[in-house]
Colleague: 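Supplied in structure tokens, the structure appears directly below.
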Number of protein chains: 2
Amino acid sequence: MGVTVKDVARSAGVSTATVSRVINGDSRISGETRKRVLQCIAELGYKINNIARSLKTNKTYTVGFICPELPNSFFMNIAKGVEDELKKHGYSMIICNSNESAEQERERIDLLLEKCIDGVIIIPASDEGMHYNRFKEMNIPVVLADRLTEDFVSDSVLVDNVNGAYSAVEHLINNGERRIGYIGGDLRLTTARERDEGFRRAMRDYCIPIDESLMKYGDFHIDSGYEKMKELMELDEPPRYVFISNYFMHIGATKFLFEKREQLKSHITIASFDDIDLSSILGFCRILVGQPVMDIGSKTAQLLLSRINGEELSFPQIIRLKTHLTIL
Amino acid sequence: MGVTVKDVARSAGVSTATVSRVINGDSRISGETRKRVLQCIAELGYKINNIARSLKTNKTYTVGFICPELPNSFFMNIAKGVEDELKKHGYSMIICNSNESAEQERERIDLLLEKCIDGVIIIPASDEGMHYNRFKEMNIPVVLADRLTEDFVSDSVLVDNVNGAYSAVEHLINNGERRIGYIGGDLRLTTARERDEGFRRAMRDYCIPIDESLMKYGDFHIDSGYEKMKELMELDEPPRYVFISNYFMHIGATKFLFEKREQLKSHITIASFDDIDLSSILGFCRILVGQPVMDIGSKTAQLLLSRINGEELSFPQIIRLKTHLTIL
DNA sequence: CTTTTTTGTGCATACGATTACATTTATATA
DNA sequence: TATATAAATGTAATCGTATGCACAAAAAAG
């Protein structure tokens with residue numbers, strides 16, 4: 001600790017410039033000198049001080065990751081993909097929890113702006129994105145993951161929600177069912193909106209009029225899944241097939257069905273978005289729309305790194321990954 | 001962007017030293033000057049460059065967080081507690097995934113050491129901790145969360161696993177059952193070991209001989225929970241009560257029971273560690289040992305910050321938080 | 001009305017690296 | 001052999017901030 005380029009330089013009998021060049025792999029250094037310097041580095045246990053380096057180079061090899069919730073397997077699978085990809089390139093990631101609030105998102109942005117990050121990945125907390133412009137102003141590349149925002153055009157990586165939902169619903173219809181219940185998310189989220197569109201489009205394409213009393217809107221959380229399924233089941237004539245547009249509402253809905261399984265008039269079949277952790281063990285589920293979650297993460301990271309490295313790409317890059325249907 | 005103390009100083013007609021002092025709240029600056037400087041800062045849109053500051057002060061206001069798995073609600077609840085607490089103090093956190101491997105843990109440590117962090121929180125991937133010494137050598141405080149390690153003595157925050165397990169098992173026994181199945185984790189993890197001890201101690205205290213054929217050891221993951229429950233149920237005389245020592249194995253075990261529910265000879269009751277997300281909706285569960293997960297996080301962060309700020313505390317600080325029993 | 005203390009600022013250096021430019025030495029070319 | 005070119009290294013400035021020390025002015029003490 002405390003050994004600097006100067007010490008190495010002195011010990012190797014060269015200038016600090018030479019030491020620096022060896023460290024940075026400058027090809028002009030003679031094999032002779034390089035060897036000597038490397039030896040001294042090893043002997044003295046020299047470790048580069050990246051703070052100092054960053055000051056000169058204006059690069060921190062650190063990116064921010066803002067996400068609406070930490071204990072959320074969906075987001076964390078994305079995070080995992082990101083972290084993995086970043087690590088390959090020597091980058092690390094500062095994680096920030098926006099708690100699904102644009103307000104807190106702003107606070108975290110303040111924090112991140114102070115840290116001189118090279119780029120930032122955001123899973124938007126809402127459809128507001130104006131405040132992301134502060135990164136743009138500082139010339140810090142931004143890539144959105146999973147969701148888009150209304151007012152902030154940006155590189156993004158997400159899945160084809162419309163077709164994902166469409167294919168699931170289509171499959172239900174092909175099973176011979178026309179009365180299909182729906183539990184969706186807050187339409188201010190693009191993901192919720194797109195899945196909603198997929199649902200409606202499938203129904204329209206099969207000439208099934210939409211019964212709005214079967215359309216329930218929650219907030220993508222467990223409790224609301226429970227609540228909305230309850231509402232559906234308390235209808236005079238509950239649907240026997242239900243499409244649920246995310247994982248957590250699926251869990252909640254299942255919880256309700258499980259608790260009331262004795263009172264159910266008929267067997268319920270669920271089709272749901274997100275094939276993670278327990279989806280497949282939730283008893284009523286037969287159809288799952290799987291998202292390539294880790295891929296979202298790694299693609300996002302790759303895109304960000306491209307921007308950071310100033311690669312020429314048209315703007316905005318919007319990468320849509322395909323979902324895949326699993327029938328249980 | 002590009003505006004530095006120098007610009008502010010020139011604009012306010014003072015020296016950079018004065019500007020710096022205003023920024024850092026030095027009380028010796030006259031109200032007059034302070035006001036003028038602050039005004040110029042606002043007008044010019046000056047933002048401090050924390051890299052430069054860190055170079056001088058040797059503080060980055062950043063800590064590392066190494067954890068065995070990102071998509072894991074237990075760890076992420078801890079992370080949330082940490083992030084929350086850190087944020088209050090202006091710190092941010094670099095998150096690293098060790099993938100439950102000491103090997104990868106080492107790689108992440110390399111990465112973190114290069115980043116000049118002020119401290120690090122580790123949820124150990126295994127019982128090896130020798131490599132954590134590298135932080136100690138650099139004088140970087142370390143706090144372990146949730147688990148201890150064999151060979152690295154350290155400040156730590158964890159729960160009273162022994163008594164947590166004990167009380168759950170005790171409750172089963174008080175229900176009148178003496179044949180109790182057990183699905184535990186890899187004994188190389190302190191958490192697994194302690195819960196094992198709790199189980200055995202309760203049995204001993206109630207004078208119930210332990211039937212080793214009912215003791216199954218998995219690895220804290222879903223699949224092994226499934227597997228071990230299968231083994232238990234395939235015994236000639238399966239236990240009707242089972243204690244499971246973590247969340248994920250609980251899920252796996254439930255999955256098995258759910259799939260085979262028609263073939264079960266009798267009703268199964270589960271007592272399990274960890275009261276998160278779905279524990280309570282898993283059909284066979286009646287007893288849950290809840291951990292104060294977010295508290296683990298915030299306490300860990302608090303302890304780390306104390307060390308970073310050089311507060312006088314005896315070493316090591318081992319904080320044990322109490323679990324609480326929930327009967328469903 | 002000195003002398004001492006306090007208060008408010010400025011000067012200059014340091015933090016630890018990178019890098020443009022200058023310089024030396026070796027090699028190739030005429 | 002003289003000169004042009006290339007290769008290897010050194011010199012010194014720079015990145016943006018913090019801070020010990022010096023110093024002047026103002027306030028307090030004598």
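Throughout, protein chains are lettered first and strands after them, A, B, ... in sequence-line order, and every chain is numbered starting at 1. Small disclaimer: the values here were computed from a predicted structure and weren't measured.
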Colleague: Got a salt bridge between Glu128(B) and Arg188(B), using NZ or NE/NH1/NH2 to carboxylate O under 4.0 Å?
Modeller: no

Colleague: Of all the choices, dG10(D), dT18(C), dG16(D), which nucleotide is nearest to the side chain of Ile48(A) once you look at every atom?
Modeller: dT18(C)

Colleague: Could you pick out which residue, Ser27(B) or Thr16(A), lies toward the 5' side of DNA chain C when each is mapped onto its nearest nucleotide?
Modeller: Ser27(B)

Colleague: What contact category does Lys59(B) fall into here, base, sugar-phosphate, or nothing, at under 4.0 angstrom with non-hydrogen atoms?
Modeller: nothing

Colleague: Between the side chains of Glu85(B) and Tyr91(B), does any donor sit under 3.5 Å from an acceptor?
Modeller: no

Colleague: Would you say a side-chain N or O of Asn49(A) is under 4.0 Å from OP1 or OP2 of dC15(C)?
Modeller: no

Colleague: Between dA17(C) atom P and Lys115(B) atom NZ, what is the distance in whole Å?
Modeller: 16 Å

Colleague: At under 4.0 Å between heavy atoms, what does Asn24(B) touch on the DNA or RNA strands: base, sugar-phosphate, or nothing?
Modeller: sugar-phosphate

Colleague: Give the rounded distance in Å between these two atoms: CZ of Arg34(B) and P of dG8(C).
Modeller: 9 Å

Colleague: At 4.0 Å (heavy atoms only), tell me whether Ile51(A) reaches a base, stays on the sugar-phosphate, or touches nothing.
Modeller: nothing

Colleague: Between dG16(D), dG10(D), dT18(C), which nucleotide gets closest to the side-chain atoms of Ser15(A)?
Modeller: dG10(D)

Colleague: Give Val19(B) one of three labels, base, sugar-phosphate or nothing, depending on what nucleic acid heavy atoms sit under 4.0 Å from its own.
Modeller: nothing

Colleague: Hey, does Gly13(B) reach any base, or is it just sugar-phosphate, or nothing, if we go heavy atoms under 4.0 Å?
Modeller: sugar-phosphate

Colleague: For Ser20(A), report the nucleic acid contact type (base, sugar-phosphate, nothing); a contact means any heavy atom under 4.0 Å.
Modeller: base

Colleague: Could you give the OH-to-C1' distance, from Tyr46(B) to dG16(D), as a whole number of Å?
Modeller: 7 Å

Colleague: When all nucleic acid strands are considered with a 4.0 Å heavy-atom cut-off, which category describes Ile29(A): base, sugar-phosphate, or nothing?
Modeller: sugar-phosphate

Colleague: Counting side-chain heavy atoms from CB outward, which of dT18(C), dA18(D), dG10(C) is closest to Arg21(B)?
Modeller: dG10(C)

Colleague: Can you tell me the distance, in whole Å, between the CG atom of Asp26(B) and the C1' atom of dT19(D)?
Modeller: 10 Å

Colleague: Would you mind telling me which residue lines up with the more 5' stretch of DNA chain C, Arg36(B) or Lys56(B), judged by nearest nucleotide?
Modeller: Arg36(B)

Colleague: Consider the side chain of Ala17(B), meaning its heavy atoms from C-beta on, and name the nucleotide among dG10(D), dT17(D), dA12(C) that approaches it most closely.
Modeller: dA12(C)

Colleague: Please report the shortest heavy-atom distance between Asp118(A) and Ile308(A), naming the atom on each side.
Modeller: O-CG1, 3.4 Å

Colleague: Could you tell me whether Ile23(A) contacts a base, only the sugar-phosphate backbone, or nothing, with contacts defined as non-hydrogen atoms closer than 4.0 Å?
Modeller: nothing

Colleague: Check the side chains of Thr62(A) and Lys115(A) for a donor-acceptor pair under 3.5 angstrom, ignoring hydrogens and angles.
Modeller: no

Colleague: Taking only side-chain N and O atoms of Arg53(B), does any of them lie within less than 4.0 angstrom of OP1 or OP2 on dA18(D)?
Modeller: yes

Colleague: How long is the line joining CZ of Arg28(B) and P of dA24(D), in whole Å?
Modeller: 17 Å

Colleague: The side chain of Thr4(A) is closest to which nucleotide in this list: dG16(C), dC11(C), dG16(D)?
Modeller: dG16(C)

Colleague: Are Asn99(A) and Arg108(A) linked by a side-chain donor-acceptor pair shorter than 3.5 Å?
Modeller: no

Colleague: How would you label the contact of Asn50(B) with the nucleic acid (heavy atoms, under 4.0 Å): base, sugar-phosphate, or nothing?
Modeller: nothing

Colleague: Could you state the atom-to-atom distance from NZ of Lys47(A) to C1' of dG16(C) in whole Å?
Modeller: 16 Å

Colleague: Can a cation-pi geometry be assigned to Lys59(A) and Tyr61(A), taking NZ or CZ under 6.0 Å from the six-membered ring centre and within 45° of the ring axis?
Modeller: yes

Colleague: Whole Å only: how far is the NZ atom of Lys6(A) from the C1' atom of dA12(D)?
Modeller: 12 Å

Colleague: Report the distance from atom CG of Leu55(A) to atom P of dA18(D), rounded to the nearest whole Å.
Modeller: 12 Å

